[in-house]
Student: 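There's a structure below that I have some questions on.
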Amino acid sequence: MQYWLMKSEPDVFGIDDLARVRREPWDGIRNYQARNFMRDQMQIGDRVFFYHSNAEPIGIAGIMRIASAPYPDRTAFDPEAKYYDPKSDPDNPRWHLVDVEFERKFRRIITLAELREHPELEEMQLLRKGNRLSIMPVEPAHWDFILGLE
DNA sequence: GCCAACGTTGGC
DNA sequence: GCCAACGTTGGC
């Protein structure tokens, strides 16, 4: 059992969207490191912070769970899809994803600015300079500390 | 809208 | 294998 953080732009898909549909394939990831976490390390039942990026406010909006084993991201095969990748062969898919399911929405967004205020969190990958990764593991101690902020 | 930081691509 | 050019992410 591991903890994770996954980013999404709420204008595209946010915590309220997940609360409505309950379960969603986390498609469109086109970064190898992020893919590898989904394909090779995530386990059903792992818990995930849902992070709103490019948003107002920016921050952690709630919790979801990993709900499936990894499987190919079919949006890569669709020439009409935004995340089409002609190099992903259906017989040897390049991109994989997992389904996530809604667990709960926080009473409030725990903002990026607030996370940066706490020395306990300064080692978080999310807070490191230049971080652009959209899926990353979260240390259990950081997970617990953040839950205490809500 | 800007731009720093980073990842990917492709020529050599 | 190197690295310049380019594209993207994402905070501000």
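Note that the coordinates shown come from a computational prediction; the quantities given were computed from them, not determined experimentally. Lettering of chains follows the sequences in order, A, B, ..., and the numbering in each one begins at 1.
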Student: I need the OH-P distance between Tyr32(A) and dT9(C), as an integer number of Å.
Tutor: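 Interatomic distance, OH of Tyr32(A) to P of dT9(C): 14 Å.
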
Student: From CG of Asn31(A) over to P of dT9(C), roughly how many Å is that when rounded to an integer?
Tutor: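 It works out to 9 Å between those atoms.
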
Student: Can you confirm whether more than 12 heavy atoms, excluding those of Gln41(A), are under 6.0 Å from its CD atom?
Tutor: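 Buried by this count: over 12 neighbours within 6.0 Å.
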
Student: Would you kindly say whether Gln2(A) and Asp46(A) are connected by a side-chain donor-acceptor distance under 3.5 Å?
Tutor: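 Distance-only check fails for Gln2(A) and Asp46(A).
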
Student: Is the shortest side-chain N/O distance from Lys87(A) to OP1 or OP2 of dT8(B) below 4.0 Å?
Tutor: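 Result: no.
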
Student: Between Arg94(A) and Lys129(A), just flag the one whose closest nucleotide in DNA chain B comes earlier from the 5' side.
Tutor: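 Closest to the 5' end, via its nearest nucleotide, is Lys129(A).
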
Student: Regarding Asp78(A) and Tyr83(A), do their side chains bring together a donor and an acceptor under 3.5 Å, going by distance alone?
Tutor: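 Checked: Asp78(A)/Tyr83(A) side chains show no N/O donor-acceptor pair below 3.5 Å.
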
Student: With sequence neighbours left out, write down each residue that passes side-chain hydrogen bond (donor to acceptor under 3.5 Å, both in side chains) with Arg128(A), or none if nothing qualifies.
Tutor: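 Arg128(A): no side-chain hydrogen bond (donor to acceptor under 3.5 Å, both in side chains) contacts found.
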
Student: Indicate, with yes or no, if the rings of Trp4(A) and Phe50(A) have centres closer together than 6.0 Å.
Tutor: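 They do not qualify: ring centres at least 6.0 Å apart.
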
Student: Which whole-number value in Å describes the distance from Ile135(A) CD1 to dT9(C) C1'?
Tutor: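 Ile135(A) atom CD1 is separated from dT9(C) atom C1' by 14 Å.
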
Student: Check Arg94(A), Arg30(A), His96(A), Arg35(A) against Asp73(A) for a side chain to side chain donor-acceptor pair (under 3.5 Å) and give me the one that passes.
Tutor: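 With Asp73(A) as partner, Arg94(A), Arg30(A), His96(A), Arg35(A) yield a single side chain to side chain donor-acceptor pair (under 3.5 Å), made by Arg30(A).
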
Student: Where do N or O atoms of nucleotides 10-12 of chain C meet protein N or O atoms at under 3.5 Å, pair by pair?
Tutor:
| residue | atom | partner | partner atom | Å |
| --- | --- | --- | --- | --- |
| dG10(C) | OP1 | Lys7(A) | NZ | 3.1 |
| dG10(C) | OP1 | Arg132(A) | O | 2.8 |
| dG11(C) | OP1 | Tyr51(A) | OH | 2.6 |
| dG11(C) | OP2 | Asn54(A) | N | 3.1 |
| dG11(C) | N7 | Asn54(A) | OD1 | 3.3 |

Student: Check the distance between dT9(C)'s P and Met6(A)'s CE and give it to me in whole angstrom.
Tutor: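 In whole Å, dT9(C) P lies 15 Å from Met6(A) CE.
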
